[in-house]
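Note sheet for the following structure.
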Amino acid sequence: MNNYPQILFKNRRPGATAFLAEYEAGGGYQGLRAALKMAPQEVREQVKAANLRGRGGAGFPTGLKWSFFPTDQPGEKYLLANGDEMEPGTYKDHQLLLADPHQLVEGMAIAAYAMQIPVGYVFLRYAYETCAQNVERAIAEATGKGYLGRDILGSRFGFELHVHRSAGRYILGEETALINGLEGRRPNPRSKPPFPAQFGLFGKPTNVNNVETFANVPHIFTGGAEWYRSLARTPEGAGTLLVGLSGHLERTECFELPMGIPLREVVEQCGGGVRGRRTFKACLPGGASTPFLTAAQLDTPLDHVHMEQAGSRLGTAGITVFDETTCMVAATLNLARFFARESCGWCTPCRDGLPMVVWLLEEIEAGRGSQELLDMFRDQVKNISGRSFCALAEGAMGPVGSLLTKFGDELEDHVKRGRCPIS
Ligand SMILES: Cc1cc2nc3c(=O)[nH]c(=O)nc-3n(C[C@H](O)[C@H](O)[C@H](O)COP(=O)(O)O)c2cc1C
Ligand code: SF4
């Protein structure tokens with residue numbers, strides 16, 4: 001436990017899951033009751049006023065996304081919760097669903113009402129079987145109490161919710177690939193536009209949000225938009241953030257922290273500092289697809305705006321820390337291998353470019369580099385950036401590109417010495 005305000009993790013107990021009785025005792029489903037008393041448009045406005053931003057990686061403003069949805073269009077429409085969560089270093093949705101799955105159900109019911117959507121799916125990968133069972137139980141309990149199903153709490157609004165277990169690949173987290181996967185098709189991304197809000201699941205209007213994004217929603221209706229914004233340390237941020245720590249720290253756990261908390265406080269207070277009293281060298285602040293930050297940037301607040309000003313992204317707030325014994329070329333190679341393996345193969349810059357990046361980094365790391373290979377590496381990064389069909393390859397260029405800009409001297413050193421200077 002820590003002294004930071006706990007909203008999403010307030011019912012979290014080691015090895016236990018909060019189901020309906022505990023959830024209701026802590027104020028659960030009061031947010032839904034409050035939202036159902038408002039008009040759907042007011043609900044969307046309140047989410048906008050709370051400045052909730054998506055927790056799935058891109059940080060898109062949630063209320064704004066909901067306001068683009070064709071709410072008045074009759075017929076089939078779908079609401080999807082994205083729980084694919086295969087970004088290395090990211091495990092917060094897993095922790096959330098192990099601890100308190102009703103928050104997702106309630107958040108989705110409010111979102112469904114706000115956009116007048118009758119059917120939803122919670123998309124989870126097969127490895128999250130315990131989470132899937134938790135959500136199934138939460139859905140059954142909520143349906144039994146009239147929080148889901150027809151005529152929710154006498155509002156005349158109905159919403160049914162199902163769990164989908166996927167085969168699980170990184171690309172399935174991309175929302176249009178997820179939709180293809182849910183339809184039983186090969187999960188390569190679709191071109192945008194049309195966006196899912198116009199042409200989504202089975203060609204019908206569809207809204208996709210991350211699991212943690214939905215889980216925040218009930219609290220905006222119990223505490224109010226102003227209170228929710230005030231939870232953050234910076235005016236640019238709002239609410240709390242689930243931060244999963246990994247790498248060379250004394251403590252690697254998932255914490256709920258105020259949005260805008262300085263990175264240094266997270267590393268030193270929550271993570272207990274760098275392992276074995278070593279020195280902080282770099283971190284990935286928001287999952288494997290975000291550019292590295294260095295020790296000089298440790299005072300950056302963890303919110304979307306400040307992270308972008310620092311040249312990186314808040315992403316999924318999965319922070320991986322590297323100490324001074326890390327070879328950044330080897331660390332980046334490890335990440336590049338992941339992205340190359342997870343490429344869906346649909347477009348050339350990613351399918352052919354990422355294996356080339358891997359090969360070049362392998363050569364340089366093994367001491368077989370040359371100025372020519374370094375130039376080829378720079379060209380590859382330039383050729384892939386901004387040219388891929390979806391954001392997977394762009395995400396791969398996050399750490400790879402920042403290896404060049406922040407640790408270019410290490411790359412040069414490998415070539416000059418003909419070996420890795422660290423390992
Ligand atoms: C390769 C790739 C993988 C992604 N994986 C996830 C994921 O596991 N979970 C997630 O919520 N969003 C993921 N996203 C982002 C989604 O496409 C989408 O932006 C997000 O689910 C929207 O939810 P939000 O607005 O609540 O963040 C991924 C995107 C890409 C390009
Ligand atoms: S960038 Fe990669 S994952 Fe995305 S469409 Fe192209 S090949 Fe597929």
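Just so it is clear, the structure is predicted and the values come from calculations on it, not from any experiment. Positions are given from 1 along the sequence. In listed order, ligands and their atoms are each counted from 1.
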Which part of N210 is near ligand 1, with near meaning a heavy atom under 4.0 Å away: side chain, backbone, both or neither?
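Both backbone and side chain of N210 come within 4.0 Å of ligand 1.
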Hey, which atoms in ligand 1 end up nearer than 4.0 Å to a heavy atom of [X]?
X    : value
A391 : 31 (C)
N82  : 6 (C), 7 (C), 8 (O), 9 (N), 10 (C), 11 (O), 12 (N), 13 (C), 16 (C), 21 (O)
T213 : 24 (P), 26 (O)
R55  : 26 (O), 27 (O)
D84  : 8 (O)

Are the ring centres of H102 and Y29 closer than 6.0 Å?
yes
When you measure from the side chain of [X] to the backbone of [Y], do you find a donor-acceptor pair of N or O atoms at a distance under 3.5 Å?
X    : Y    : value
Y113 : M38  : yes
T71  : F69  : yes
T316 : G286 : yes

Against ligand 1, does K65 come closer than 4.0 Å with any heavy atom?
yes
Contact residues of ligand 2, where a non-hydrogen atom lies under 4.0 Å away:
I171, P189, S343, C344, G345, W346, C347, C350, S388, F389, C390, L392, A393
Does an N or O anywhere in [X] fall below 3.5 Å from an N or O of ligand 1?
X    : result
G173 : yes
I171 : no
Y170 : no

Hey, is [atom1] on [X] packed in by over 12 heavy atoms from elsewhere, all under 6.0 Å?
X    : atom1 : value
R185 : CZ    : no
R251 : CZ    : yes
E308 : CD    : yes

Between R12 and E256, does at least one N-O distance fall below 4.0 Å, as a salt bridge requires?
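Salt bridge between R12 and E256, a charged N being under 4.0 Å from a carboxylate O: no.
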Can R125 and E85 be counted as an ion pair, charged N to O under 4.0 angstrom?
no
Nearest non-hydrogen protein atom, atom 27 (O) of ligand 1
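Atom 27 (O) of ligand 1 sits closest to the protein heavy atom G56 N, 2.7 Å.
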protein heavy-atom neighbour closest to atom 8 (O) of ligand 1 works out as E85 N, 2.8 Å
Angle class for the F68/F60 ring planes (parallel below 30°, perpendicular above 60°, tilted otherwise)?
tilted
In terms of the angle between their ring planes, are H94 and Y128 parallel, tilted or perpendicular, with boundaries placed at 30° and 60°?
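Rings of H94 and Y128: tilted, 30 to 60°.
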Using ring-ring contact (aromatic ring centres under 6.0 Å, His included), reason through F9 and F255 one step at a time and then give a plain yes or no.
CA-CA 8 Å; F9 276 174; F255 294 89; 9.0 Å; no
Could you pull out, from E175, R125, R53, E174, the option with a heavy atom nearest to atom 18 (C) of ligand 1?
E175
